[in-house]
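Report on the structure given below.
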Amino acid sequence: VVDCLILGAGPAGLTAALYLRRFRRSVLVADAGQSRATLIPRSHNFPGFPGGVRGPELLARLRAQLTTVGPVAWGGRVLRLAPGEESLWHTVFKNGAARSRSILFATGVTDRRPPIPNAEMAIKTGLLRFCPICDGFEAMRDRIAVIGMDDHAAREAIFLRAYSPNISLLTLGANHNISPDACRSLEAADVRLIAVHPDSLEVAGNLLLARRTDGAALPPFQTVYGALGVDPQSILAKGIGVVVDGGGCIVVDAHQRTALPCVYAAGDVVRGLHQISVAIGEAAIAATAIHNMLPPVRDAC
Ligand SMILES: Cc1cc2nc3c(=O)[nH]c(=O)nc-3n(C[C@H](O)[C@H](O)[C@H](O)COP(=O)(O)OP(=O)(O)OC[C@H]3O[C@@H](n4cnc5c(N)ncnc54)[C@H](O)[C@@H]3O)c2cc1C
């Protein structure tokens, strides 16, 4: 039996584990190994790293820090969760099982990728991005494409006007869901709205090529933002009765508590700014709330 089962070893899960171990709580961190942070070529907006930090390096540092606070149990992807006797949660994960007094969901989201061949490589080179708040600054004065189909994508394109006069919102085909109001805002912001053929997207070196639905080639783009939405990894949470919002994000209160007793959530899987610093902050709040909720720890000697 552990004090807390943490689902996910991204920035949120690893930070929560660090805090809980420092509160002298036992933790089991179960992870499916697909943190969004592994995809970050170099983050320049995470405080404390003037030269930026690569996502995998940040995760490695968080894991290294965790080794300084005593043992942590590790597991693979969580497959099943169920309430059991004595108010304990029963968990089955890849290669094991455990019982815990509390649960923290730090399972993140996955980005819906645009149909760009070899998108993974385009993310690694920084051509394809997902977060203008994170790295719009690094795209200063680039020729930027935002690929999306709705008002959220329109807002993202308009946000990027702070960095470049050259923004196009590319819809995949002509059947988009961008409202007339949002279309007017795009026009007012000098953002071009262009329907492209979904099969025409192609990477050439460090550039993205695309063709309009009428076949005409567009001048190459230097930076591309995918704005097709995200899928919060909240299926297990929903399965045990945790409340999620319309977009699938877990609903929590100011202490990161879900509607279920002893069940918490932090990071991207919770609605809000999908940022490392936010994930880490929420994890610190959640870990402290979990510690305060559990029976007190007393030193034995
Ligand atoms: C290309 C890119 C660039 C980015 N750049 C920046 C940046 O510069 N600055 C910034 O602040 N943010 C950036 N972000 C966002 C940042 O990566 C996320 O905000 C951050 O990783 C969220 O941390 P998290 O711990 O909530 O989720 P994640 O890091 O996504 O971790 C969630 C973990 O939970 C695991 N998991 C899911 N389901 C289960 C399950 N059933 N059982 C066990 N484990 C499970 C996943 O496999 C994953 O390992 C970027 C994201 C991308 C994609």
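Order of appearance sets the numbers: ligands from 1, and atoms from 1 within every ligand. This is a predicted model, so every value here is computed, not measured.
Contacts of Leu236 with ligand 1, taken as heavy-atom pairs under 4.0 Å, involve the side chain alone. Here Val278 has no heavy atoms under 4.0 Å from ligand 1, in either its backbone or its side chain. Within the 4.0 Å heavy-atom criterion, the part of Ile123 lying near ligand 1 is the side chain and not the backbone. Using a 4.0 Å cut-off between heavy atoms, Ala12 contacts ligand 1 through both its backbone and its side chain. At a heavy-atom distance under 4.0 Å, no atom of Cys131 approaches ligand 1.
Looking from atom 15 (C) of ligand 1 to the surrounding protein, the closest heavy atom is Arg36 NH1, 3.5 Å. Residue, atom and distance of the protein heavy atom nearest to atom 49 (O) of ligand 1 are Asp31 OD1, 2.7 Å. Given atom 13 (C) of ligand 1, the protein heavy atom at minimum distance is Cys134 SG, 3.3 Å. Nearest protein heavy-atom contact of atom 20 (C) of ligand 1 is Asp268 OD2, 3.9 Å. In this structure, atom 27 (O) of ligand 1 lies nearest to the protein heavy atom Gly108 CA, 3.6 Å. Scanning the protein heavy atoms around atom 9 (N) of ligand 1, the nearest turns out to be Asn45 OD1, 2.7 Å. Atom 44 (N) of ligand 1 has Ala32 N, 3.0 Å as its closest protein atom, hydrogens excluded (heavy atom only). Of all protein heavy atoms, the one closest to atom 11 (O) of ligand 1 is Ile276 N, 2.8 Å.
When only interatomic distances are considered, the shortest N/O to N/O separation between Gln34 and ligand 1 falls below 3.5 Å. For ligand 1, the polar-atom distance check against His44 finds no nitrogen or oxygen pair separated by under 3.5 Å. Polar contact check, Leu39 against ligand 1: no nitrogen or oxygen pair lies under 3.5 Å apart. At least one N or O atom of Ser43 sits closer than 3.5 Å to an N or O atom of ligand 1.
For the pair Leu218/Leu170, a side-chain contact is recorded, criterion being any heavy-atom separation below 4.5 Å from C-beta on. Annotation: side chain of Pro114 is in contact with side chain of Leu228 (closest heavy-atom distance under 4.5 Å). At least one side-chain heavy atom of Leu58 sits under 4.5 Å from a side-chain heavy atom of Phe49.
In Arg112, the CZ atom is crowded: over 12 heavy atoms of neighbouring residues, nucleotides or ligands sit closer than 6.0 Å. Counting heavy-atom neighbours within 6.0 Å of Asn292 CG, excluding the residue itself, gives a total above 12.
Residue contact check: Val78 has heavy atoms under 4.0 Å from atoms 40 (C), 41 (N), 42 (N), 43 (C) of ligand 1. For ligand 1, the atoms closer than 4.0 angstrom to any heavy atom of His274 are 15 (C), 19 (O). The atoms of ligand 1 that sit less than 4.0 Å from any heavy atom of Asp111 are 53 (C). Of all atoms in ligand 1, numbered sequentially from 1 with element shown, those under 4.0 Å from a heavy atom of Ala30 are 43 (C), 44 (N). Heavy-atom proximity to Ala106, at under 4.0 Å, picks out these atoms of ligand 1: 32 (C), 33 (C), 34 (O). Atom numbering of ligand 1 starts at 1 in the shown order; those under 4.0 Å from a heavy atom of Ile40 are 3 (C), 4 (C), 5 (N), 6 (C), 13 (C), 14 (N), 17 (O), 50 (C). Close approach to Gly267 involves these atoms of ligand 1, each under 4.0 Å from a residue heavy atom: 26 (O). For ligand 1, the atoms closer than 4.0 angstrom to any heavy atom of Gly10 are 25 (O), 29 (O), 31 (O).
Residues satisfying the disulfide bond (SG atoms under 2.5 Å apart) criterion with Cys262, sequence neighbours excluded, are absent altogether. Listed by chain and number, the residues in a salt bridge (Lys or Arg N to Asp or Glu O under 4.0 Å) with Arg24 are Asp299 (sequence neighbours excluded).
At least one heavy atom of Pro11 sits closer than 4.0 Å to an atom of ligand 1. The closest approach between any non-hydrogen atom of Arg77 and ligand 1 is below 4.0 Å.
A donor and an acceptor atom, one from each side chain of Asp135 and Tyr225, are located under 3.5 Å apart. Side-chain N/O atoms of Ser179 and Asp151 include a donor and acceptor closer than 3.5 Å. No donor-acceptor contact under 3.5 angstrom links the side chains of His197 and Arg212, judged on distance only. Between the side chains of Gln275 and Asn45, at least one donor N or O sits under 3.5 Å from an acceptor N or O.
A salt bridge is absent between Glu202 and Arg211: the closest approach of a Lys/Arg side-chain nitrogen to an acidic carboxylate oxygen does not fall below 4.0 angstrom. With salt bridges taken as basic N to acidic carboxylate O contacts below 4.0 Å, none links Arg42 and Glu57. Taking the charged nitrogens against the carboxylate oxygens, Asp111 and Arg36 do have a contact shorter than 4.0 Å, which makes a salt bridge.
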In sequence, state the C-alpha distance, the side-chain angles, and the governing distance for Glu86 and Arg99, and then conclude on salt bridge (Lys or Arg N to Asp or Glu O under 4.0 Å).
CA-CA 10 Å; Glu86 296 170 41; Arg99 289 179 299 157; 5.6 Å; no
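Relative to the six-membered ring of Tyr264, Arg257 misses at least one condition, a distance below 6.0 Å or an angle of at most 45° to the axis.
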